[in-house]
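Beneath this line is the structure, given in structure tokens, with notes to follow.
Proteins come first, then strands; the chains are lettered A, B, ... in the order of their sequence lines, and each starts at number 1.
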There are 2 protein chains.
Amino acid sequence: MPNAFVRKLGLYADLSPEDTEHLTALTKVVRDLGPNEDLIREGDTPENVHLVLNGLAVRHKTTVDGTRQIAALLLPGDFCDLHIAILDTMDHSISTLAPTQVVDIPRKTILDLVNNHPTISNALLSTTLVDEAILREWLVNLGARRSEIRIAHLFCELHARMQAIGLASNGTFSLPITQAQLGEALGLSTVHVNRSLMALKDANLVRKHDRQVEILDLNRLHAFAEFDPTYLHFRKAPDTASKSMRA
Amino acid sequence: MPNAFVRKLGLYADLSPEDTEHLTALTKVVRDLGPNEDLIREGDTPENVHLVLNGLAVRHKTTVDGTRQIAALLLPGDFCDLHIAILDTMDHSISTLAPTQVVDIPRKTILDLVNNHPTISNALLSTTLVDEAILREWLVNLGARRSEIRIAHLFCELHARMQAIGLASNGTFSLPITQAQLGEALGLSTVHVNRSLMALKDANLVRKHDRQVEILDLNRLHAFAEFDPTYLHFRKAPDTASKSMRA
DNA sequence: CGGTGACTTGAGCATCGTCAACATTCGTGG
DNA sequence: CCACGAATGTTGACGATGCTCAAGTCACCG
């Protein structure tokens, strides 16, 4: 079973066995982090690029009055900061939420991939563009949807992304995040997140229990959240990703 | 005087005279659009990539209940959809707000730039990454700032971007957008935009008159909006952009 | 002039935030 | 294994921010 990183890139390009092997080799050396540790801070110009292999991290930015906005949830297989291979300075911070395994990859290695491995390079570019598409959808979420739908939409997205890398089963996936942190991601107060979550549970749509999200009725949740996964740009539909097929 | 496109790329890479000439040649053939015309729609897989040379366009997405969210304001020099050179399908639409001049560039031309003009390629990649940084800042804006500060912050950003391409003078720049459209960009109702704008005017910070934004006190507005232009990643400070200097 | 689109204003209401108290869970050390 | 404390989740009351509806004004243009 390939790791989450290889699985994710495979969603965006037709990797050859050599490509797969090459990528797997890159993720051999893993670093273990605890919860609430900073990977990079705003203003840093790090040597390495970071990749999440396991666990959960967030991209976030803090305003002057101390409000923290989470701008991305980084799941297994996600790059944290591929852009600093091009732009020098970080304009935001990245921290773990849970115990997390990361891989540190030197900028040089990235440049080598870009120059000598066109398929991988293409996949990397795709993931960057999809990150942007996800960000756009989050903006729509904050700007145009009220709290219950907003939360439901986020859960739909996370389910789709987790399922695509093989980390969701039966509508259930791991999400070790507090209600307060959910609020920081969704632009809502903790109390309001709590009330909205209970409403979603009462409506038999989703439930967040412990560190897991359990979707009770996927079709109804998709309809309720107005969820359309097009923006994730998977090559294959997540449902059929297990069977290899050619279009 | 180079056009807005060349000026903008010059903010992100040290273009040689040949690069400049090459880019200028690409923007010879211009297409004129009226206000409220669609450039591309969600679901399209267009042949060409589009570039705004003059005027104003928006990236937007509409939810099921008809609410429209504007996810980006495309100023002169901005690419609309560079990503569809990689990802096939548009997951959002692009429309003009005012009379606008665009350039249609074939995907092949982009690929040629990427393969044969490393400096330009690097600049293009940078602009894409900065687009993402701007999007992140918009997310912070919607998630963590109340209406007056939210509007002020947007005006600060637009001023910085306009000034960087030579389209702001004396704190004043053109912004042919209605209050309703401003609301669509900021996740606010038209009425609330109106009231917030009047409060900003009463505070002698900024005024929107006709199709222009007039900043009355830039320093105070920056402070009020908590504006920090780092996320725009200009190579040189906009203020000193006219003098060439080496770091 | 008449009409259309943009802006302005007021009143009432919905959504969501704040504060404060309380309940529950979980990890830790006794 | 129990006891404790800290972090998280839950609930109620109240207030603020922002939305809706509706009417009216203003500027622009045919």
Rounded distance (Å) that lies between atom C1' of D:dT10 and atom NZ of A:Lys201: 10 Å

Those residues of residues 177-194 of chain A lying under 4.0 Å from DNA chain D by at least one heavy atom: A:Thr178, A:Gln179, A:Val191, A:Asn194

N/O donor-acceptor pair under 3.5 Å between A:Thr230 side chain and B:Asp91 backbone: no

Pair of N/O donor and acceptor under 3.5 Å linking D:dG12 base with A:Arg195 side chain: yes

Closest-nucleotide ordering on DNA chain C, the 5'-leading residue of A:Ser147 and A:Arg211: A:Ser147

Ring-ring centroid check A:His92 A:His83, cutoff 6.0 Å: yes

Closest non-hydrogen atom pair between A:Pro176 and A:Arg211, with its separation: CA-CG, 3.6 Å

Spacing between A:Asp210 atom CG and D:dG9 atom P, to the nearest angstrom: 10 Å

Non-hydrogen side-chain atoms of B:Val58 and B:Leu73 separated by less than 4.5 Å: yes

Main-chain N/O of A:His192 paired with A:Ser196 side-chain donor or acceptor, under 3.5 Å: yes

Non-hydrogen side-chain atoms of A:Leu142 and A:Gln69 separated by less than 4.5 Å: yes

Sidechain-backbone polar pair: B:Arg150 side chain, B:Arg145 backbone, donor-acceptor under 3.5 Å: yes

Parallel, tilted or perpendicular, as decided by the 30° and 60° cut-offs, for the rings of B:His222 and B:Phe227: tilted

Identified side-chain hydrogen bond (donor to acceptor under 3.5 Å, both in side chains) counterpart of B:Lys8 within the set B:Thr127, B:Asn3, B:Asp78: B:Asp78

Segment of DNA chain C, first to last nucleotide, that comes within the 4.0 Å heavy-atom reach of chain B: C:dA6 to C:dA11

Under 3.5 Å donor-acceptor, A:Thr190 side chain and A:Gln179 backbone: no

Atom-to-atom span, CD1 of B:Ile151 to P of D:dT17 - whole angstrom: 14 Å

Bending between helix ends of the helix from C:dC1-D:dG30 to C:dG30-D:dC1 [5 pairs per end, 10° resolution]: 40°

Whole-Å distance separating the CZ atom of A:Arg207 from the C1' atom of D:dT10: 17 Å

Plane angle bin for A:Phe155 and A:Phe173 - parallel if under 30°, tilted between 30 and 60°, otherwise perpendicular: perpendicular

